[in-house]
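Residues take their numbers from the sequence shown, with the count starting at 1. Keep in mind the model is a prediction, meaning the values are calculated, not measured.
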Amino acid sequence: MATEKAESTRAKLIEAATGLFRKVGFLAATVDDVCSAAGVSKGAFFHHFDSKESLAEACLAHWCQMIHKMESSASFASAADPLDRLLGAMDFYIGVFESPDMIKSCLAGTTVQEISETHPRLREAANACFVSGQTRFKSLIDAATAANERSVDSESLAALWLATMQGALLVYKASRDATVIRRTLSQIRELIRSQVTKAGA
């Protein structure tokens, strides 16, 4: 029971901190804020994490795992046609960001914008999230191009998709125009589709 309680407390801290970091940023959120949001004591916090930075590292690792799990369980992942999987993956994210309940913020992107020059551990943790997502998307492109007998720079296309998502979220934060996400990602979706399919397809 003690182990289960400890795991539950740690999970609460990670969940609460992830939400706060996405909304107000790593620098603005305090340990007291996290404890209040998680409903745990400060002593419980320091039982699990020696600093806010250590907590943020755990949040980023969990974020990376959660995104991977979300993609794996999405309907596009089981599509038989590699092109359908690729297009479905992009449609999936366009749909995710359109949900009114979704915080339009990526934990890795929000964090690294703040701390890239000051917290190398968090920068590396955020980059690991980006690399993981980009690698998975590249594999979707590679499968689609192989099936369609095309040859493209899949690494650059995967990086473009990642950069476009992060950029669209940033522009949304400034403009509060949620349509910018769909419009931007839809343009990149069409560009990628044209690159991986045969002419006229």
Side-chain angles (χ1 to χ4, degrees), residues 10-31 33-34 37-38 48-74 76-77 86 89-99 101-141 154-176 178 180-182 184-185 188-189 192:
R10 188 176 190 278
K12 287 179 181 178
L13 286 165
I14 289 174
E15 181 180 1
T18 296
L20 283 171
F21 295 158
R22 291 177 70 195
K23 289 178 181 177
V24 305
F26 169 77
L27 298 177
T30 67
V31 170
D33 292 334
V34 173
H48 292 281
F49 303 102
D50 60 16
S51 66
K52 185 174 71 168
E53 184 176 31
S54 295
L55 170 60
E57 276 191 287
C59 290
L60 286 163
H62 180 261
W63 179 258
C64 189
Q65 294 167 359
M66 183 190 71
I67 296 299
H68 190 186
K69 183 177 180 180
M70 182 177 72
E71 290 177 3
S72 298
S73 61
F76 74 82
L86 173 62
M90 292 185 280
D91 290 337
F92 172 76
Y93 276 103
I94 292 171
V96 164
F97 291 129
E98 284 196 321
S99 170
D101 299 326
M102 171 61 65
I103 300 173
K104 294 174 178 57
S105 172
C106 169
L107 179 64
T110 298
T111 302
V112 82
Q113 284 170 31
E114 287 192 290
I115 53 74
S116 63
E117 301 297 330
T118 57
H119 294 69
R121 284 167 51 190
L122 296 186
R123 179 184 59 75
E124 290 171 4
N127 189 54
C129 289
F130 291 149
V131 170
S132 178
Q134 184 174 320
T135 298
R136 291 194 303 274
F137 193 72
K138 178 181 180 298
S139 70
L140 293 176
I141 296 173
S154 58
E155 186 171 351
S156 292
L157 282 180
L160 178 62
W161 171 253
L162 174 66
T164 302
M165 278 203 295
Q166 294 299 323
L169 289 172
L170 191 61
V171 172
Y172 161 76
K173 289 179 182 179
S175 67
R176 282 298 186 262
V180 73
I181 300 175
R182 167 171 280 278
T184 306
L185 295 186
I188 295 302
R189 178 193 186 278
I192 293 174

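- Between atom CZ of residue R10 and atom CG of residue L13 there is a gap of 9.0 Å, rounded to the nearest 0.5 Å.
- By the side chain to side chain donor-acceptor pair (under 3.5 Å) test, N127 is found to be paired with no residue, residues two or more places apart in sequence or in another chain being considered.
- Under the salt bridge (charged side-chain N to carboxylate O under 4.0 Å, His left out) criterion, K12 pairs with no residue at all, not counting sequence neighbours.
- The shortest non-hydrogen separation linking I192 to F137 is CD1-CE2, 4.0 Å.
- Of all non-hydrogen atoms in A108 and W63, the two that sit nearest each other are N-NE1, 4.1 Å.
- Under the 4.5 Å side-chain criterion, counting only non-hydrogen atoms from C-beta, V31 is not in contact with F49.
- Every residue was checked against the ring pair (Phe, Tyr, Trp, His ring centres under 6.0 Å) condition with Y172, not counting sequence neighbours, and none meets it.
- C59 has its side chain within reach of L107: a pair of non-hydrogen atoms, C-beta onward, lies under 4.5 Å apart.
- Summarising the geometry, atom OG belonging to S73 is positioned 10.0 Å from atom NE2 belonging to H68; distances are rounded to the nearest 0.5 Å.
- Among all heavy-atom pairs drawn from A17 and L55, the shortest one is CB-CD2, 3.5 Å.
- The line from CD1 of I181 to OH of Y93 is 13.5 Å long, rounded to the nearest 0.5 Å.
- Residue pairs meeting the side-chain hydrogen bond (donor to acceptor under 3.5 Å, both in side chains) criterion with at least one partner in residues 104-114, sequence neighbours excluded, are S105-T110, T110-K173.
- Separation of atoms CZ (R22) and CE (M102) is listed at 6.0 Å; rounding is to 0.5 Å.
- Here the closest non-hydrogen pair linking L20 and A29 is CB-CB, 4.2 Å.
- Of the possible donor and acceptor atoms, none in the side chain of S132 sits under 3.5 Å from a partner among the backbone N and O of A128.
- The distance from atom OG of S156 to atom NZ of K138, rounded to the nearest 0.5 Å, is 10.0 Å.
- Qualifying side chain to side chain donor-acceptor pair (under 3.5 Å) partners for T135, counting only residues two or more places apart in sequence or in other chains: none.
- Of the inter-residue distances, the one linking M165 atom CE with L170 atom CG reads 14.0 Å to the nearest 0.5 angstrom.
- Side-chain contact between K52 and F26 is present, with at least one heavy-atom pair separated by less than 4.5 Å.
- At a threshold of 4.5 Å between non-hydrogen side-chain atoms, the residues M90 and L185 do not count as touching.
- Pairs engaging residues 55-73 under the salt bridge (charged side-chain N to carboxylate O under 4.0 Å, His left out) rule: E57-R121, E71-R136 [sequence neighbours left out].
- Pairing each heavy atom of A126 with each of L60, the nearest pair is N-CD1, 3.9 Å.
- Of all heavy-atom pairs spanning I141 and S154, the tightest one is CG2-CB, 3.6 Å.
- Atom CD of E15 has 12 or fewer heavy atoms from other residues, nucleotides or ligands within 6.0 Å.
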